[in-house]
Amino acid sequence: MSSRREKTTNLQGIFLGAISFLIIGVWHPIVIKGEYYLGKKICMPIFAAIGVFCVAKSMRIKSTILHASMALFGFSALWGILEVQEQEERVQKGWFPANPKRVAKKAQKMQAAQQAASAETL
């Protein structure tokens, strides 16, 4: 005799695939906006903290769907560390716009460093 459970289709894998797709879709703009507004130096530790927290938290959740989703979110955050570095390179190549406020700050710092270096040589 077959039980009712054997007759139902297990949709967990398809559901997790859809969740993975959504999580990746969520992290794509987070990386782009994070690099634009905050920069690599601020985003990287934030993404690392989110990733480690979510992965650690996922180990304490009993539901398969929830713990897998939490782990996917955490590993996507950890992957975001690499992506924010690559996003900075994309901005330097001109593929994405640079934040004019951050560009101006960087130029001011470079100018101040050049002035300090020329003052030391005199």
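Here, residue 1 is the first one in the sequence, and each next residue gets the next number. Computation of the quantities below employed the complete heavy-atom set of this structure, encompassing side-chain atoms and omitting hydrogens, waters and symmetry-equivalent molecules.
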Hey, could you give me each pair passing salt bridge (charged side-chain N to carboxylate O under 4.0 Å, His left out) that has a residue in residues 16-29? Not counting sequence neighbours.
none
With sequence neighbours left out, write down each residue that passes salt bridge (Lys or Arg N to Asp or Glu O under 4.0 Å) with Glu86, or none if nothing qualifies.
Arg90
Leu16 and Ser69 have their tightest heavy-atom pair at CD2-OG, 4.1 Å
What is the minimum heavy-atom distance between Val55 and Ala71, and which atoms define it?
CG2-O, 4.3 Å
Might you point out which heavy atoms bring Pro97 and Val91 nearest each other, and give the distance in Å?
O-CG2, 4.0 Å
Distance-only criterion, 3.5 Å: show the donor-acceptor pairs between side-chain atoms of residues 22-47 and protein atoms not counting sequence neighbours.
unit_1	atom_1	unit_2	atom_2	d
Lys40	NZ	Glu88	OE1	3.2

Could you give the distance from CD1 (Ile19) to CZ (Phe73), rounded to the nearest 0.5 Å?
12.5 Å
Summary of salt bridge (charged side-chain N to carboxylate O under 4.0 Å, His left out) pairs that have at least one residue in residues 12-25, sequence neighbours excluded
none
Going by the rule side chain to side chain contact (heavy atoms under 4.5 Å, CB included), which residues pair with Thr64 if we only count those two or more places apart in sequence or in a different chain?
Gln12, His67
Return each pair, listed once, that meets salt bridge (charged side-chain N to carboxylate O under 4.0 Å, His left out) where at least one residue sits in residues 43-62; pairs must be two or more places apart or across chains.
none
